[in-house]
Amino acid sequence: MRVNLSIRAAIQSDLESVIALDHVTTREAKPGYWRGIFAHYVTGSRKDRFFLVAETGDAVIGFVVGEIRAWEFGSPPCGWVFALTVSPHAREMSMATRLFEEISGQMKRVGVSIVRTMVSLEDAETMSFFRGMGMRSGRYIELKSQI
Ligand SMILES: CC(C)(COP(=O)(O)OP(=O)(O)OC[C@H]1O[C@@H](n2cnc3c(N)ncnc32)[C@H](O)[C@@H]1OP(=O)(O)O)[C@@H](O)C(=O)NCCC(=O)NCCS
């Protein structure tokens with residue numbers, strides 16, 4: 001089902017809505033983290049950073065954040081999507097699909113042809129979403145150790 005919504009670049013006054021959406025989704029409030037992300041991705045006007053919100057009426061019901069990064073881990077420039085959240089009340093109505101299509105389109109217009117993300121192996125719904133968007137395992141694997 002497709003619902004009326006608009007997708008636009010986030011503005012500073014979206015901060016509280018984003019903090020609240022993230023809190024309800026992850027069950028952890030991170031206001032300091034989001035203030036820092038807004039300073040980097042909303043206040044600045046760089047063409048390689050993207051913070052989009054989805055709005056129905058005047059309520060923000062979802063957001064996606066990403067950027068173009070180059071040469072880390074030897075990777076040529078590509079898009080990274082590192083946050084995507086839709087309100088529990090607005091799910092399974094193609095909101096995330098439209099946010100992801102929009103950020104991918106904007107990244108493509110800046111000149112990259114690959115978009116990457118990371119998903120917890122335990123997060124079946126997000127994994128299902130990204131697979132539905134055509135994403136598949138890439139050529140990198142995460143390594144970690146206790147330090
Ligand atoms: C994953 C998420 C973004 C999907 O948002 P959404 O707006 O409901 O997704 P869409 O309606 O666009 O769904 C598109 C596809 O994703 C898959 N999908 C979505 N929700 C799903 C679920 N609960 N279970 C399985 N597959 C699902 C389906 O393949 C669906 O296609 P279909 O409608 O043809 O079945 C949303 O569930 C969410 O915000 N989850 C929490 C994510 C999170 O933890 N974010 C914080 C860290 S970044």
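Position 1 is the first residue of the sequence, and the numbers go up from there. Each ligand, and each atom within it, is numbered from 1 in the order the structure gives.
- Counting all heavy atoms, side chain and backbone alike, F129 lies closest to T97 at CE1-N, 3.6 Å.
- The list of salt bridge (charged side-chain N to carboxylate O under 4.0 Å, His left out) pairs with a residue in residues 124-133, not counting sequence neighbours, reads R91-E125.
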For E101 and R98, run salt bridge (charged side-chain N to carboxylate O under 4.0 Å, His left out): C-alpha distance rounded to whole Å, both residues' side-chain angles, the deciding distance at 0.1 Å, then the answer.
-> CA-CA 5 Å; E101 286 173 352; R98 293 176 63 183; over 6 Å; no

With a 3.5 Å cut-off and sequence neighbours excluded, list the donor-acceptor pairs that the side chains of residues 103-122 form with protein atoms.
{"residue": "S104", "atom": "OG", "partner": "F100", "partner atom": "O", "Å": "2.8"}
{"residue": "Q106", "atom": "NE2", "partner": "E102", "partner atom": "OE2", "Å": "2.8"}
{"residue": "R116", "atom": "NH1", "partner": "S75", "partner atom": "OG", "Å": "2.9"}
{"residue": "T117", "atom": "OG1", "partner": "V81", "partner atom": "O", "Å": "2.7"}
{"residue": "S120", "atom": "OG", "partner": "E122", "partner atom": "N", "Å": "3.0"}

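- Evaluation of the ring-ring contact (aromatic ring centres under 6.0 Å, His included) rule for F82 yields Y41 as partners, not counting sequence neighbours.
- Side-chain contact between I7 and E55: absent, with no pair of heavy atoms (C-beta onward) separated by less than 4.5 Å.
- Closer than 4.0 angstrom to ligand 1 by heavy atom are T25, T26, A83, L84, T85, V86, R91, E92, M93, S94, M95, A96, T97, E125, T126, S128, F129, sorted by chain and number.
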